[in-house]
Amino acid sequence: MVPRRYLLNSSRFWSTLKAADSSKADDLYTMNKQLSHLIRSGKFHEAKTMFDEMGKRNTVTWNSMISGYVKRREITQARKLFDEMPDRDTVSWNLMISGYASYLGCRFLEEGKNLFEQMPMRDVVSWNTMISGYAKNGRMDEAKGLFESMPEKNVVSWNAMITGFFDNGDTSSATEYFKRMPERDSASVNAFVSGLVRNGELDEAVRALIEYGSRDGWSEDLIASCNTLIAAYGQKGRVDDARKLFDQIPSNSVQRKTRGRVFERNVVTWNSMIMCYVKAGDIFSARELFDQMVDKDTISWNTMINGYVQILDMEEALNLFNAMPKPDNMSWNSMISGYAQVGNLERAREYFEMMPQKYLVSWNTMIAGYDKNKDYKGAIKLFIRMQAEGEKHDRHTLSSILSVSTGLLNLQLGMQIHQLVSKSVIPDVPIKNSLITMYSKCGALMESRIIFDELKSPKEVISWNAIIGGYASHGYALEALEFFESMKKKNVQPTYITFISVLSACTHAGLVDEGWAYFKSMVSEYGIEPRIEHYASLVDNVARHGQLEEAMDLIKSMPFEPDKEIWGAVLSACRLHNNVELARVAAEALMRLEPESSAAYILLYNMYAEAGQWDAAAEVREMMERNNIRKQKAFSLIDSSHS
DNA sequence: GTAGGGTTAG
């Protein structure tokens with residue numbers, strides 16, 4: 001430790017020197033410091049102005065400016081300065097090489113290599129830069145070649161190789177190099193542990209972390225690896241393993257010590273652990289930790305609020321929202337989307353309007369909320385207001401409005417949004433899926449087919465579902481099944497949604513045997529548990545075909561109580577095949593399930609009447625009157641306020 | 001002024 005008086009003396013010395021301000025060299029030194037400070041704090045344009053106005057520059061001045069361009073990935077500008085500058089030193093060359101090497105693509109890497117070969121003097125940084133450039137481009141053989149032939153390696157060279165191997169999936173070479181390296185620092189251990197995590201070797205990563213931490217000392221940098229591991233366990237749902245690790249990390253925060261740099265839990269550690277619990281749906285454990293936390297940050301609060309939002313109990317979310325010191329955009333959005341999720345659009349809207357600074361995501365959240373709650377008018381009105389207020393939309397906004405068009409089966413609107421998509425966003429796969437779904441559901445199969453065909457292979461199952469569903473629900477059963485077969489050939493795993501469409505296609509095409517076969521393969525080949533919708537479709541298929549007994553057996557075998565769709569299918573099949581007895585069973589079940597509906601009564605009445613069973617028909621009519629059932633007005637999709 | 005590693009939300 002340097003005695004305090006010397007520090008004072010020395011600082012006095014410097015200020016005296018500064019006050020004199022006579023030396024030009026010192027002036028340039030100060031200006032260079034200023035220039036690099038501007039660049040590091042992101043004030044590039046000010047830096048550029050300063051550079052242009054500087055009367056005197058030395059190599060460091062030029063290098064700073066080059067590093068600014070390299071950081072902004074403006075490689076051409078960087079090269080221009082490099083070519084212009086009067087005296088290049090090794091750092092100038094290294095900067096240029098790093099600019100080329102951090103770009104992906106062999107053209108840049110080649111140019112980096114040219115410079116590397118041309119430069120008058122290489123140092124270890126030059127070699128390391130090239131090695132990491134090759135590693136980033138997946139060219140580990142060349143990286144290895146350089147590594148082996150370099151005159152003098154340091155710990156950075158080893159770390160770069162290890163990360164390179166991991167990034168290219170070569171866990172065993174990474175491990176071999178890590179074991180072989182003559183000395184390690186905390187970056188080596190972090191690189192090793194994080195590489196193992198990236199390659200899915202979580203337990204191995206924990207073992208390594210504990211081994212090297214215990215052996216070489218728990219450097220404070222290692223907390224980052226611990227945090228990575230806790231988060232990774234959380235992703236895999238292994239919340240107990242995450243907690244075990246968490247408990248092993250010392251914590252001083254309870255006593256709120258003034259921290260030096262020591263190995264202990266930090267705010268990210270706590271947040272990650274809380275997040276594990278939230279992901280696992282264990283809100284109580286999450287809250288317990290949250291309450292123990294001394295230094296909560298915005299992420300801690302938001303994670304907890306989101307936890308409550310996800311399990312839908314909003315009251316506690318609101319309490320936390322009100323208690324948190326500085327709610328940010330995300331906190332507001334959580335409240336908006338939370339209220340929307342529980343169907344309370346009024347409160348969602350209230351929070352949306354109260355937000356101090358609305359931005360794109362808040363608009364999107366609110367519009368998506370309206371869409372999810374089928375308040376299509378609300379969604380469209382808000383979208384129109386968004387345009388009127390000059391807010392920019394993005395693909396999420398348009399995706400929601402496409403979903404609105406789908407919900408309304410409004411092809412005109414959907415086509416307008418399609419135009420907007422083409423005009424204003426770079427369409428990604430999810431928005432193309434939204435378009436396919438919209439066109440499919442609205443019956444514009446040609447349009448949806450065009451977009452589907454344009455998708456790059458392998459196409460996602462969502463895209464397949466959209467196209468199969470479109471064909472299946474618009475009477476093109478065989479085409480739908482053809483799509484399903486080619487999807488299977490491409491080894492795309494179907495989902496339960498795929499099978500709803502497939503089974504419905506079989507029903508509409510009258511393919512009973514195929515229906516059964518697909519239903520069975522759903523479980524045996526793909527391990528998908530049939531839902532009630534699948535049973536309903538198969539019951540419909542079998543019953544329509546006149547196999548009413550088989551249909552009833554199928555219903556009895558279901559693990560669910562039959563719903564109105566199922567009894568509805570049975571009832572209409574009974575009408576088709578004139579089975580009055582079973583029709584009565586189905587109709588009575590429907591009357592119980594939908595006491596206010598007249599449909600079952602009317603159908604049964606007609607069947608009795610057609611069969612000449614007038615007594616029974618009259619009885620149905622009486623029953624209908626006794627239960628005060630009226631014939632319903634035709635249901636209209638058009639909002640009553642328009643009529 | 002240059003090379004390697006590491007965190008948490010949506």
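Order of the sequence lines sets the chain letters (A, B, ...), proteins ahead of strands, with each chain counted from 1.
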### ring-ring contact (aromatic ring centres under 6.0 Å, His included) involving Y100(A) - partner list, sequence neighbours excluded
none

Spacing between [X] atom [atom1] and [N] atom [atom2], to the nearest angstrom:
X: Y308(A); N: dA9(B); atom1: OH; atom2: C1'; answer: 17 Å
X: W301(A); N: dT8(B); atom1: CH2; atom2: C1'; answer: 17 Å
X: Q235(A); N: dG10(B); atom1: CD; atom2: C1'; answer: 13 Å
X: Q310(A); N: dA9(B); atom1: CD; atom2: P; answer: 12 Å

### Query
Are the charged groups of R385(A) and E389(A) less than 4.0 angstrom apart, N to O?
yes

### Query
Is R207(A) salt-bridged to E211(A), going by a charged N under 4.0 Å from an acidic O?
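No.
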
### Task
Can you sort out the partners of D203(A) under salt bridge (charged side-chain N to carboxylate O under 4.0 Å, His left out), two or more places apart, ordered by chain and number?
R238(A)

What does [X] touch in the nucleic acid at a heavy-atom separation under 4.0 angstrom: a base, only the sugar-phosphate, or nothing?
X: M330(A); answer: base
X: D89(A); answer: base
X: R40(A); answer: sugar-phosphate
X: D328(A); answer: base

### Query
Does the ring of F82(A) carry R79(A) above it, NZ/CZ under 6.0 angstrom from centre and within 45° of its axis?
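No, a cation-pi geometry is absent between R79(A) and F82(A).
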
### Summary
Whether each nucleotide of nucleotides 2-7 of chain B has a protein heavy atom under 4.0 Å at its base (B), only at its sugar-phosphate (S) or at neither (-) is summarised, 5' to 3', as BBBBBB

### Query
In terms of ring plane angle, is the pair Y351(A) and F321(A) parallel, tilted or perpendicular, where the classes change at 30° and 60°?
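Aromatic pair Y351(A)/F321(A) classed perpendicular.
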
